[in-house]
Amino acid sequence: MNNKFYITTAIAYTSKKPHIGNTYEAVLTDAIARYKRLRGFDVYFLTGTDEHGQKIQQEAEAAGITPQQYVDKVAGEIKAIWDLFNVSYNKFIRTTDEDHVKCVQKIFNKLYEQGDIYKGSYEGNYCTPCESFWTDTQLVDGKCPDCGRECKKASEEAYFLRMSKYADRLVEYYNSHESFITPVSRKNEMINNFIKPGLQDLCVSRTSFTWGIPVEFDPKHVTYVWLDALSNYITAIGFDIDNPSELYNKLWPADVQVIGKDIVRFHTIYWPIILMALGLPLPKQILAHPWLLSGEDKMSKSRGNVIYGDDLVADFGLDPVRHYLLAEMGYFNDGSITYENLIKRTNGDLANTLGNLVSRTGAMIKQYFNGVIPTNSKNDNEFAINLKKAVSDGVSEAIEKYDSYFIADADSAIFNALKACNKYIDETTPWVLAKDPEKRTELGDVLSNLVECIRICNVLLYPIMPDTAEKINGIFKVPALDFDNAIKFSYPCDNTELGEIPILFARIDEKKFMAEMEAKAKEAKKAEKNAKKEEKKSEKKAEEAIPETISIEDFAKVDLRVGQVKECVKAENSDKLLVLQLDMGNEIRQVVSGIAKYYAPEDLIGKKVVVVSNLKSVKLRGIESNGMILAADTEDGVKVLFADENANLGSKVR
């Protein structure tokens, strides 16, 4: 029997540190992977980072480092957060990995050679953050339909993948594989919003930036993000056009690919068509989860509502955060995270229900049976029968929900069973039984039943809170059991001496916690303000510092020329930059200058300026600048040094 189970997350984009909403996907996928391992599956869990594209090139340029240095840093942060959250992946792929790069080049070549990729040119609206082109009709209020940001007109030579060729085959696949996209509402969105109106061919290369996988037969092109990024699911396990690895042959097709609802189109239209064109099987299922919101809003730096996972772990501990994410996020609707709700769930589910149950049970065994779990007589009274039914029902429901990836519902079923255990304590009143020597057997049965029910619930708690589950197993010295035997009432812990009983979860004082958080936020704001002040001071000192003396020969290396501003516009995506077209007498030269705060574009048109004409070309915010205009600092801000109106264009300034 082939019981392999190949599961993947979407690879995280290395433009910035991931927030808790991004981290949720890795934790969700980890819970599924851990559950499948419990059930005896040979699990292979893939995650990683998507590291190419124009946005990353721009971020690197703004930071003054190379794109590779930039992605190395962010990929390291992402991996560290996944590790912090106990994500049990088998492989962490990076799309800058050499074997991935070579395989993507082979995939591109194959699709081109068989006519599925062709050369053309693109004119449309480009959204840099989403790395997506849109037609005018696809824009919503003139903005990107996915993220709502401004798009800019773009026109460039590009290669395209023939999408329409596979549209009918894709719909047929949808209809014959009902569980391919889940929830099914996502499938209807894809058909009605993208396929029925007519699939447009997909742009798979770019020439306007260089940070990407070069197209081997046309090096001025780099592979566009989706052909590169989506291929990771097969390149990571050793796919090769000529000689696929044993691991690929064993694992592909993937059993489930976990993604966010915002990238369903790419994974259920683009990805299947790429696979069809390659003649490869499609993944068995795409699981599209909703978003985790900060309060009522999507997390965004501009809104100031971003919450980071490592901060939450520092404040609450790992398993309370894992539990919150998996318990709070439903299957269909967006979830929400707030500090107040995290405190309520930690105090309620974890401290009151689970922690208190384990603590009380252990304490009574120590008090009444010298720390040795009593042997059960198997003479169940009505309370015991009801308890076992509640736990059995909870276990059955949890398994059913785990199997269909309704992790929040599985969690709810487990905690309902644990609540039944607490109810059983109140019903049986073991502290009363302990006063009557004739009730000792009954008392032993109560405590033994509690240990057994905790043990069984703990089996299914493990995928959600692995560290806590291991601590509970350590308290009751639970032996290793296969899954089927582990969820049966077999009392393997009877007559076993308890281990140490740590406090699993301490209650949180909400008022005190929120006051501390407010104080931290004020301190962070103050520190940020001070840091900006110090940065400005350093900049001013650097500007005022007397430079080292140079020789006349050194000065002669700087070629200063007179140019006239013919056109001037504000740079897109920047409040500081102006883009100037300068007539240098024998050529038109583009120069980017950080003077937008001091001059309106129209104030400069027609003016003659002094230009450093032999300065090495650079890109500022992705815009090429071929020179620098001279300006001086004054009390009123920066002032451009204008040349005499009678100076000839292109003449040398001495």
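Keep in mind that this is a model prediction, so the values were computed, not measured.
Remark: Q257 CD to W271 CH2 distance equals 6.5 Å, nearest 0.5 Å. Distance check, rounded to the nearest 0.5 Å: CD of E427 to CZ of F383 gives 5.0 Å. Note that CG of L251 is 8.0 Å distant from OG of S245, once rounded to the nearest 0.5 Å. The distance from the NZ atom of K366 to the CD1 atom of I373 is 11.0 Å, given to the nearest 0.5 Å. Here K471 contributes atom NZ and D319 contributes atom CG; the two are 7.0 Å apart, rounded to the nearest 0.5 Å. A distance of 7.5 Å separates CG in L342 from CD1 in I508, rounded to the nearest 0.5 Å.
Here the closest heavy-atom approach between residue W431 and residue K435 is recorded as O-CG, 3.6 Å. Between A417 and C457 the shortest heavy-atom distance is CB-SG, 3.7 Å. Closest of all the heavy-atom pairs between A363 and I501 is N-CD1, 4.2 Å. Counting all heavy atoms, side chain and backbone alike, T346 lies closest to P320 at OG1-CB, 3.9 Å. In terms of heavy atoms, P283 sits closest to L275 at CD-CD1, 3.5 Å. Closest heavy-atom contact between A33 and I7: CB-CG2, 4.2 Å.
Look at E51 and R94 and you find a salt bridge, because one of the NZ, NE, NH1 or NH2 atoms lies within 4.0 Å of a carboxylate O, short of that distance. The residues D30 and R34 are annotated as salt-bridged, a charged nitrogen and a carboxylate oxygen being separated by less than 4.0 angstrom. Comment: E172 does not engage R169 in a salt bridge, judged by the lack of any side-chain N to carboxylate O separation of less than 4.0 angstrom. Comment: K488 does not engage D484 in a salt bridge, judged by the lack of any side-chain N to carboxylate O separation of less than 4.0 angstrom. In this structure, D411 does not pair ionically with K401, as no charged nitrogen and carboxylate oxygen lie closer than 4.0 Å.
Ring geometry for Y491 versus F489: interplanar angle of 30 to 60°, hence tilted. By the 30° and 60° cut-offs, the orientation of the rings of Y6 relative to Y44 is perpendicular.
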Inset, instruction - Would you check, one step at a time, whether the test salt bridge (charged side-chain N to carboxylate O under 4.0 Å, His left out) holds for D242 with K102? - result: CA-CA 12 Å; D242 305 313; K102 287 179 178 176; over 6 Å; no

Legend entry - Working for side-chain contact (heavy atoms from CB on, under 4.5 Å), residues N22 and Y13: CA-CA 10 Å; N22 308 130; Y13 197 46; over 6 Å; no

Inset, instruction - I would like to know whether K79 and D83 meet salt bridge (charged side-chain N to carboxylate O under 4.0 Å, His left out); could you show each step before the answer? - result: CA-CA 6 Å; K79 191 172 186 294; D83 292 342; 3.7 Å; yes

Inset, instruction - Kindly determine whether D482 and N485 satisfy side chain to side chain donor-acceptor pair (under 3.5 Å), including the steps that lead there. - result: CA-CA 6 Å; D482 65 79; N485 287 320; 2.8 Å; yes

Inset, instruction - Show your reasoning for whether salt bridge (charged side-chain N to carboxylate O under 4.0 Å, His left out) applies to K17 and D310. - result: CA-CA 11 Å; K17 177 181 174 179; D310 49 352; 2.9 Å; yes

Inset, instruction - Start with the C-alpha gap between F316 and F513, add the side-chain angles, then the distance that decides, and say whether ring pair (Phe, Tyr, Trp, His ring centres under 6.0 Å) holds. - result: CA-CA 10 Å; F316 290 90; F513 180 91; 4.9 Å; yes

Legend entry - Steps toward side-chain contact (heavy atoms from CB on, under 4.5 Å) verdict (L481, R455): CA-CA 11 Å; L481 297 168; R455 181 193 68 77; 3.6 Å; yes

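Remark: the backbone N or O of A384 is paired with a side-chain donor or acceptor of N381 at under 3.5 angstrom. Distance alone, capped at 3.5 Å, is enough to place a donor-acceptor pair between the N90 side chain and the F45 backbone. The main-chain N or O of E400 is found under 3.5 Å from a side-chain atom of S404 such that the two form a donor-acceptor pair. Between the side chain of R345 and the backbone N or O of V321, no donor-acceptor pair lies under 3.5 Å. Judged purely by atom type and a 3.5 angstrom limit, E510 has no side-chain atom pairing as donor or acceptor with the backbone of I343. For the pair Q285 (side chain) and S179 (backbone), a donor-acceptor distance under 3.5 Å is present. Panel note: side chain S448, backbone G444; no donor-acceptor pair is recorded below 3.5 Å. In terms of modelled atom types and a separation under 3.5 Å, the side chain of W291 and the main chain of K261 share no donor-acceptor contact. Of the possible donor and acceptor atoms, one in the side chain of N458 sits under 3.5 Å from a partner among the backbone N and O of A469. At distances below 3.5 Å, at least one donor-acceptor pair connects side-chain atoms of N422 with backbone N or O atoms of T353.
Using a 4.5 Å heavy-atom threshold, the side chains of D50 and N232 count as separate. P272 is listed as a side-chain neighbour of F180, based on a closest heavy-atom distance under 4.5 Å. Using a 4.5 Å cut-off on side-chain heavy atoms (C-beta onward), I20 and Y308 make no contact. At a threshold of 4.5 Å between non-hydrogen side-chain atoms, the residues L354 and F415 count as touching. The side-chain heavy atoms of T49 and V74, taken from C-beta on, include no pair separated by under 4.5 Å. Contact check for P183 versus R186: side-chain heavy atoms found under the 4.5 Å cut-off. Residues K439 and V432 fail the side-chain proximity criterion, which asks for heavy atoms closer than 4.5 Å. Looking at heavy atoms from C-beta onward, L460 lies in side-chain contact with F483 at the 4.5 angstrom threshold.
Crowding of I503 atom CD1: a count of heavy atoms from other residues, nucleotides or ligands under 6.0 Å not exceeding 12. Within a 6.0 Å radius of NZ in K73, no more than 12 heavy atoms belonging to other residues, nucleotides or ligands are found. For K423, the NZ atom sits in a loose shell: 12 or fewer heavy atoms of surrounding residues, nucleotides or ligands are nearer than 6.0 Å. K91 NZ: more than 12 foreign heavy atoms inside a 6.0 Å radius.
A distance of 6.0 Å or more separates the ring centres of Y35 and F5.
Between the side chains of T468 and R322, no donor-acceptor pair is found at a separation under 3.5 Å.
When each of K4, K36, K250 is tested with D42 by the rule side-chain hydrogen bond (donor to acceptor under 3.5 Å, both in side chains), just one qualifies, namely K250. Tested against M190 for a side-chain contact (heavy atoms from CB on, under 4.5 Å), the candidates V171, L170, V264 yield a single pass: V264. When each of N495, N449, D494 is checked for a side-chain hydrogen bond (donor to acceptor under 3.5 Å, both in side chains) with N376, only N449 meets the rule.
In this structure, K106 fails the cation-pi test against F239, since its NZ or CZ atom is not both closer than 6.0 Å to the six-membered ring centre and inside 45 degrees of the ring normal. Note that R440 lies in the cation-pi zone of F369, set by a 6.0 Å cut-off to the ring centre and a 45° limit from the axis.
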